[in-house]
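Worth knowing before you read on, the calculation uses all heavy atoms, side chains too, and leaves out hydrogens, waters and symmetry mates.
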Amino acid sequence: MSGAYFDQFKIVSLVAFTNSSMMMVLAVAVALLLFKGAKLIPNRWQSIMESIYSHLHSVVKDNLGPGGLKYFPFVISLFLFIVFLNVLGLFPYVFTPTVHIVVTLGLSWSIVIGVTLAGLWKFKWNFLSILMPDGAPLGLAPLLVLIETVSYISRAISLGVRLAANLSAGHLLFAILAGFGFSMLTSSGLISLFPLLIMVFITLLEMAVAVIQAYVFCLLTTIYLADTVVLH
């Protein structure tokens, strides 16, 4: 039985894709279809999208300033990509690429490497001054540079591991409680509200986690991008 819980994390080869790559293409296609045909008088979905757009715009502006708004298209695209992958993964028999640490670490390492290259492009070798805190004694420079380097690299690891770990734990909990609720329904012989309430609650919880983890990922990305705008 425990092996069946982990079947949802298996990568399966299809005709020209794996189930992971197919879901990534599907998430992009769904996002493009939902953004198609903006109206002057917005409907409910368009109102939600405009609220997300406005909130993320303010987040980028508050953390990066007006000069950092050039990164806004990247941040909102990243948020929509991750949130659609997370939410679509809650449907039955659908694979969630963001539960695989290879995918999330690929995203996080790409972001950190991109931030580093952008910082070096703008500030040249002065960008490396972020590895030495202001006002620190010169004698402690080797130790502080080592600590800050490890801290800087750990950004990529923590950013990817956080997303994969939270979603993996949520999907396992969802599968275990679903099996528990189904066993209660079949054993009692009657339609009980308790297992149904459990499934409704865990479904709402997983939807909230899917959105929150995508938001946290993009918020941290925005904070990391601040090093390419103003040298701290």
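By the 30° and 60° cut-offs, the orientation of the rings of His100 relative to Phe95 is tilted.
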Step by step, would you call Leu64 with Phe72 a side chain to side chain contact (heavy atoms under 4.5 Å, CB included)?
-> CA-CA 10 Å; Leu64 304 181; Phe72 172 67; over 6 Å; no
Hey, mind stepping through Val59 and Leu219 against side chain to side chain contact (heavy atoms under 4.5 Å, CB included) and telling me if it holds?
-> CA-CA 8 Å; Val59 168; Leu219 178 61; 3.7 Å; yes
Take Val112 and Tyr152 through the test side chain to side chain contact (heavy atoms under 4.5 Å, CB included) and record every step on the way to the result.
-> CA-CA 9 Å; Val112 172; Tyr152 188 82; 4.0 Å; yes
Where do Phe81 and Met24 land on the side chain to side chain contact (heavy atoms under 4.5 Å, CB included) test, with the steps shown first?
-> CA-CA 8 Å; Phe81 178 68; Met24 294 184 190; 4.0 Å; yes
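Cluster annotation: Val103 and Ile157 are assigned to distinct hydrophobic clusters (Ile/Leu/Val/Met/Phe/Trp/Tyr, side-chain heavy-atom contacts under 4.5 Å, transitive). By the rule that hydrophobic residues join a cluster once side-chain heavy atoms approach within less than 4.5 Å of another member, Leu80 and Met207 end up as members of separate clusters. Note on Phe217 and Leu105: separate hydrophobic clusters, where clusters join Ile, Leu, Val, Met, Phe, Trp and Tyr whose side-chain heavy atoms are under 4.5 Å apart, directly or indirectly. By the rule that hydrophobic residues join a cluster once side-chain heavy atoms approach within less than 4.5 Å of another member, Leu205 and Val200 end up as members of separate clusters. Note on Met22: it clusters hydrophobically with Val25, by side-chain heavy-atom contacts below 4.5 Å among ILVMFWY residues.
Between the CG atom in Leu128 and the CG atom in Leu120 there is a gap of 6.0 Å [rounded to 0.5 Å]. The OG atom of Ser108 sits 9.0 Å away from the CD1 atom of Ile113 when rounded to the nearest 0.5 Å. Here CG of Leu167 is found 8.5 Å from CG of Leu90. Values are rounded to the nearest 0.5 Å. With rounding to the nearest 0.5 Å, the separation of SG in Cys218 from CD1 in Ile223 is 11.5 Å. Considering CG of Asn166 and CD of Glu206, their distance stands at 9.5 Å, rounded to 0.5 Å.
No option in Val60, Thr222, Thr221 other than Thr221 meets the side-chain contact (heavy atoms from CB on, under 4.5 Å) test with Phe74. Between Leu163 and the options Leu85, Leu220, Val216, Ile82, a side-chain contact (heavy atoms from CB on, under 4.5 Å) holds for only Ile82.
Not one N or O on the side chain of Ser54 forms a donor-acceptor pair closer than 3.5 Å with the backbone of Glu50. In this structure, Ser151 contributes its side chain and Glu148 its backbone to no donor-acceptor pair below 3.5 Å. Although no hydrogens or angles enter the test, the distance criterion places a donor-acceptor pair under 3.5 Å between the side chain of Lys122 and the main chain of Val229.
In this structure the side chain of Leu26 never reaches within 4.5 angstrom of the side chain of Phe84, judged on heavy atoms. Counting only heavy atoms from C-beta outward, the side chains of Tyr224 and Leu159 approach each other to under 4.5 Å. Looking at Val99 and Thr104, their side chains never come closer than 4.5 Å, going by heavy atoms from C-beta outward.
Ionic pairing of Arg155 and Asp227 is present here: one or more N-O contacts between side-chain nitrogen and carboxylate oxygen are shorter than 4.0 angstrom.
Judged purely by distance below 3.5 Å, without hydrogens or angles, the side chains of Tyr71 and Thr228 pair a donor atom with an acceptor atom. Checked by atom type, the side-chain pair Thr98/Asn86 shows a donor-acceptor distance below 3.5 Å.
Taking the six-membered ring for Trp and the full ring otherwise, the centers of Phe79 and His55 sit at least 6.0 Å from each other.
Listed by first and then second residue, the ring-ring contact (aromatic ring centres under 6.0 Å, His included) pairs involving residues 110-131 amount to none (not counting sequence neighbours).
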